[in-house]
Amino acid sequence: MTTTEHAEPRRVALSPSRAADFKTCPLLYRLRAIDRLPELPTPEMARGTLVHSVLEHLFDLPPAERTPERAAEMVAPEWSRMSGETPDLAALFEGGEAPAEWLTSAEELLGGYFTLEDPSRLEPAERESMIEAELPSGLLLRGFIDRLDASPAGDLRVVDYKTGSAPREAFEAKALFQLKFYALMLLRTRGVVPRALRLLYLRDRAVLDYAPDGAEELERFERNLEALWRAITTATANRDFRPQPSKLCGWCRHQAHCPEFGGTPPPWPVQPEPTP
């Protein structure tokens with residue numbers, strides 16, 4: 001047998017995005033995590049991925065070269081690389097060529113970043129790092145952190161870039177869900193509570209900072225995640241993922257499979273395996 005045939009299947013884990021899906025709409029979770037229905041990227045999604053990639057590689061440059069002008073120069077070559085490696089991205093635009101105004105909009109988002117931070121004064125400890133953590137209950141968490149900063153004293157700051165609009169104050173807790181997820185994983189893998197969680201909203205040029213209130217707060221969050229996973233496990237065992245209508249339905253790309261819109265979910269997979 002080959003090495004591939006001996007390879008064990010990847011262990012099921014919960015990620016921030018799939019956890020948020022279930023909280024938003026159990027049926028959405030099923031369609032994405034169990035049925036794994038394909039979702040082609042939109043120009044907005046591709047632009048977000050492009051901006052994230054430029055910001056990741058910006059820190060490969062010497063500090064003095066981390067300028068708005070240099071970041072803008074990186075946009076077109078980075079898009080060429082990404083679209084060349086991913087056919088779905090290339091298919092977004094006729095002939096695979098991104099319109100000039102679309103590339104300009106990515107440059108404008110990057111310009112917004114420079115109004116929030118001076119990257120020449122930063123040396124991230126980690127960028128686009130995948131992290132896994134097993135909770136005492138056995139639940140495995142998995143996610144990707146945009147950036148992790150570390151002070152000389154060892155304090156950690158989790159940073160996440162957002163290319164959408166900043167949330168109103170009433171929705172800030174929902175926006176911080178992803179970063180608390182990461183903070184809990186860092187607590188369980190490194191025994192450290194991050195000193196700060198930071199969301200950078202490039203379009204609105206806004207910063208949302210949050211300081212976790214010690215391990216106790218993250219342990220409460222952990223119990224909430226475990227309860228959420230029990231609900232997912234029960235729904236999977238019962239094959240019962242019901243739609244949860246909300247204002248977000250207007251943006252859902254799976255209306256054809258949703259009973260709320262006259263659709264029908266696909267047949268249940270033979271061996272469903274939720275993935276992050």
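Sequence positions, counted from 1, serve as the residue numbers for this chain. Just so you know, these numbers use all the heavy atoms, side chains as well, and skip hydrogens, waters and symmetry mates.
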Engineer: Could you walk me through whether Trp102 and Leu50 pass the side chain to side chain contact (heavy atoms under 4.5 Å, CB included) check?
Structural biologist: CA-CA 11 Å; Trp102 184 83; Leu50 172 59; 3.8 Å; yes

Engineer: Are Leu176 and Leu199 close enough, and set up right, to give a side chain to side chain contact (heavy atoms under 4.5 Å, CB included), and what steps lead you there?
Structural biologist: CA-CA 8 Å; Leu176 286 166; Leu199 287 164; 4.0 Å; yes

Engineer: Are the side chains of Leu89 and Pro41 in contact, using a 4.5 Å heavy-atom criterion?
Structural biologist: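 Counting from C-beta outward, Pro41 and Leu89 do come under 4.5 Å.
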
Engineer: Under a single-linkage definition using a 4.5 Å side-chain heavy-atom cutoff for Ile, Leu, Val, Met, Phe, Trp and Tyr, are Leu103 and Leu109 assigned to the same hydrophobic cluster?
Structural biologist: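 Same hydrophobic cluster.
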
Engineer: Please examine the side chains of Leu179 and Tyr210, heavy atoms only from C-beta on, and report whether any two atoms are closer than 4.5 Å.
Structural biologist: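 No, their side chains stay 4.5 Å or more apart.
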
Engineer: With rounding to the nearest 0.5 Å, note down the distance linking OG in Ser15 to CZ in Phe181.
Structural biologist: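 Spacing of OG (Ser15) from CZ (Phe181) equals 6.0 Å.
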
Engineer: Hey, are the side chains of Leu122 and Asp118 touching, using non-hydrogen atoms and a 4.5 Å cut-off?
Structural biologist: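 When only atoms from C-beta onward are counted, Asp118 and Leu122 do not touch, as no gap falls below 4.5 Å.
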
Engineer: Is a side-chain N or O of Thr115 found less than 3.5 angstrom from the main chain of Gly111, in a donor-acceptor match?
Structural biologist: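 No.
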
Engineer: Under a single-linkage definition using a 4.5 Å side-chain heavy-atom cutoff for Ile, Leu, Val, Met, Phe, Trp and Tyr, are Leu110 and Tyr201 assigned to the same hydrophobic cluster?
Structural biologist: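 No; tracing contacts between hydrophobic side chains, which count when under 4.5 Å, never links both residues.
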
Engineer: Which atom names give the shortest non-hydrogen contact between Ser137 and Glu226, and what distance separates them?
Structural biologist: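 Ser137 and Glu226 have their closest heavy atoms at OG-OE2, 2.9 Å.
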
Engineer: Got a donor-acceptor contact below 3.5 angstrom from the Ser53 side chain to the Thr49 backbone?
Structural biologist: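 Absent.
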
Engineer: Taking the side chain as every heavy atom from C-beta outward, state whether Leu186 and Val192 have any pair of such atoms under 4.5 Å apart.
Structural biologist: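 Not in contact.
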
Engineer: For Asp146 versus Tyr161, what's the shortest heavy-atom pair and its separation?
Structural biologist: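 Heavy atoms only, the tightest pair is OD2-N, 2.9 Å.
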
Engineer: Given 3.5 Å as the limit, does a donor-acceptor pair link the side chain of Ser80 with the main chain of Ala76, or not?
Structural biologist: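 Flag not set: sc Ser80 to bb Ala76 has no pair under 3.5 Å.
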
Engineer: For a quick test of reading the model, state the closest non-hydrogen atom pair linking Val75 to Glu107 and the distance between them.
Structural biologist: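 Looking at all heavy atoms of both residues, the closest pair is CG2-CG, 3.7 Å.
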
Engineer: Using distance alone, with no hydrogens and no angle criterion, decide if Glu39 and His254 have a side-chain donor and acceptor under 3.5 Å apart.
Structural biologist: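 Their side chains do contain a donor-acceptor pair, which is all the 3.5 Å distance test asks for.
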
Engineer: Grouping I, L, V, M, F, W and Y whenever their side-chain heavy atoms are under 4.5 Å apart, do Phe59 and Leu55 come out in a common cluster?
Structural biologist: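 Yes, because Phe59 and Leu55 connect within a single hydrophobic cluster, where side-chain heavy atoms sit under 4.5 Å apart.
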
Engineer: If every non-hydrogen atom of Phe144 is compared with every non-hydrogen atom of Tyr182, which pair is closest and at what distance?
Structural biologist: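 Between these two residues, the closest heavy atoms are O-OH, 2.7 Å.
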
Engineer: Applying side chain to side chain contact (heavy atoms under 4.5 Å, CB included), run through Arg253 and Thr42 and close with a yes or a no.
Structural biologist: CA-CA 11 Å; Arg253 305 170 72 189; Thr42 64; 3.8 Å; yes

Engineer: Look at the side chain of Glu134 and the backbone N and O of Leu140, then say whether any donor-acceptor pair between them is shorter than 3.5 Å.
Structural biologist: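 No; judged by distance alone, with no hydrogens or angles, the pair does not exist.
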
Engineer: Quick one: is the NZ or CZ of Lys23 closer than 6.0 Å to the six-membered ring centre of Phe177, and within 45° of its axis?
Structural biologist: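 Yes, cation above the ring, under 6.0 Å and within 45°.
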
Engineer: If you measure from SG on Cys252 to CD on Glu260, what distance do you get to the nearest 0.5 Å?
Structural biologist: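 CD of Glu260 is found 11.0 Å from SG of Cys252.
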
Engineer: Counting distance only, does the side-chain N/O of Arg147 pair as donor-acceptor with the main-chain N or O of Asp160 below 3.5 Å?
Structural biologist: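 No, the answer is negative, given that no donor and acceptor are paired below the 3.5 Å cut-off.
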
Engineer: For the CD atom of Glu78 and the OG atom of Ser83, what is their distance to the nearest 0.5 Å?
Structural biologist: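 That separation rounds to 9.5 Å.
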
Engineer: Would Leu202 and Val207 show up in the same hydrophobic cluster when neighbours are defined by side-chain heavy atoms closer than 4.5 Å?
Structural biologist: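 Leu202 clusters together with Val207.
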
Engineer: Less than 4.5 Å apart, any side-chain heavy atom of Pro269 and any of Ile34?
Structural biologist: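 Pro269 reaches Ile34 side chain to side chain.
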
Engineer: Under a 4.0 Å threshold between the charged nitrogen and the carboxylate oxygen, would Arg198 count as salt-bridged to Glu117?
Structural biologist: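 Between Arg198 and Glu117 there is a salt bridge, with a charged N closer than 4.0 Å to a carboxylate O.
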
Engineer: Parallel, tilted or perpendicular: which describes the rings of Tyr29 and Phe241, with under 30° parallel and over 60° perpendicular?
Structural biologist: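 Parallel.
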
Engineer: Is there a path of hydrophobic side-chain contacts, each under 4.5 Å between heavy atoms of I, L, V, M, F, W or Y residues, that connects Leu200 with Leu148?
Structural biologist: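 They do not share one cluster, since no chain of ILVMFWY contacts under 4.5 Å joins Leu200 to Leu148.
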
Engineer: Rounded to the nearest 0.5 Å, how far apart are CD1 of Ile145 and CE of Met130?
Structural biologist: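 Here the interatomic distance stands at 11.0 Å.
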
Engineer: So, Arg66 side chain and Pro119 main chain: donor-acceptor pair closer than 3.5 Å or not?
Structural biologist: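 A pair under 3.5 Å: yes.
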
Engineer: Test Leu37 against His257 for side chain to side chain contact (heavy atoms under 4.5 Å, CB included), laying out the working first.
Structural biologist: CA-CA 10 Å; Leu37 297 185; His257 297 286; 3.5 Å; yes

Engineer: Report yes or no: does Thr67 contribute a side-chain atom to a donor-acceptor pair with the main-chain N or O of Arg70 at less than 3.5 Å?
Structural biologist: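 Flag set: sc Thr67 to bb Arg70 pair under 3.5 Å.
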
Engineer: Should we count CD of Glu97 as having more than 12 external heavy atoms under 6.0 Å?
Structural biologist: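 Counting other residues, nucleotides and ligands, CD of Glu97 stays at 12 neighbours or fewer.
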
Engineer: Taking the side chain as C-beta and beyond, is there a heavy-atom pair between Arg203 and Ser165 under 4.5 Å?
Structural biologist: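 Arg203 vs Ser165: side chains touch.
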
Engineer: I'd like to know if the side chain of Trp268 and the backbone of Arg239 have a donor-acceptor N/O pair within less than 3.5 Å.
Structural biologist: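 Side chain of Trp268 to backbone of Arg239, a donor-acceptor pair under 3.5 Å: no, none is there.
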
Engineer: In terms of side-chain geometry, is the basic nitrogen of Arg223 or Glu217 positioned less than 4.0 Å from the acidic oxygen of its partner?
Structural biologist: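 Salt bridge: no.
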
Engineer: Do the non-hydrogen side-chain atoms of Phe22 and Arg18 ever get within less than 4.5 Å of each other?
Structural biologist: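 No, their side chains stay 4.5 Å or more apart.
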
Engineer: Are any of the side-chain heavy atoms of Leu156 and Arg195 separated by less than 4.5 Å?
Structural biologist: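 No, side chains not in contact.
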
Engineer: Looking at Glu85 and Arg81, does any basic side-chain N land under 4.0 Å from a carboxylate oxygen?
Structural biologist: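 Between Arg81 and Glu85 there is a salt bridge, with a charged N closer than 4.0 Å to a carboxylate O.
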
Engineer: With a 4.0 Å cut-off, would you call Glu222 and Arg188 a salt bridge?
Structural biologist: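 A salt bridge links Glu222 with Arg188.
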
Engineer: Minimum heavy-atom separation for Arg47 to Ser105, with atom names?
Structural biologist: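 Arg47 and Ser105 have their closest heavy atoms at NH1-OG, 3.0 Å.
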
Engineer: Taking Leu28's backbone N and O only, do any of them form a donor-acceptor pair with Asp21's side chain (distance below 3.5 Å, no angle check)?
Structural biologist: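 Pair absent, no side-chain N/O of Asp21 close to backbone of Leu28.
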
Engineer: Pro63 and Ser120: which non-hydrogen atoms are nearest, and at how many Å?
Structural biologist: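 Where Pro63 meets Ser120 most closely, the heavy atoms are O-CB, 3.2 Å.
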
Engineer: If I take atom CE from residue Met185 and atom CG from residue Leu218, how far apart are they, to the nearest 0.5 angstrom?
Structural biologist: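 Rounded to the nearest 0.5 Å, the CE-CG separation comes out at 11.5 Å.
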
Engineer: Nearest 0.5 Å please: distance from the NE2 atom of His52 over to the NZ atom of Lys162.
Structural biologist: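 Here the rounded value is 6.5 Å.
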
Engineer: Got a salt bridge between Glu56 and Arg127, using NZ or NE/NH1/NH2 to carboxylate O under 4.0 Å?
Structural biologist: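 No, no charged N to carboxylate O under 4.0 Å.
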
Engineer: Ignoring hydrogens and geometry, is there a side-chain-to-backbone donor-acceptor pair from Thr86 to Asp88 under 3.5 Å?
Structural biologist: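 Looks like no, no N/O pair under 3.5 Å.
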
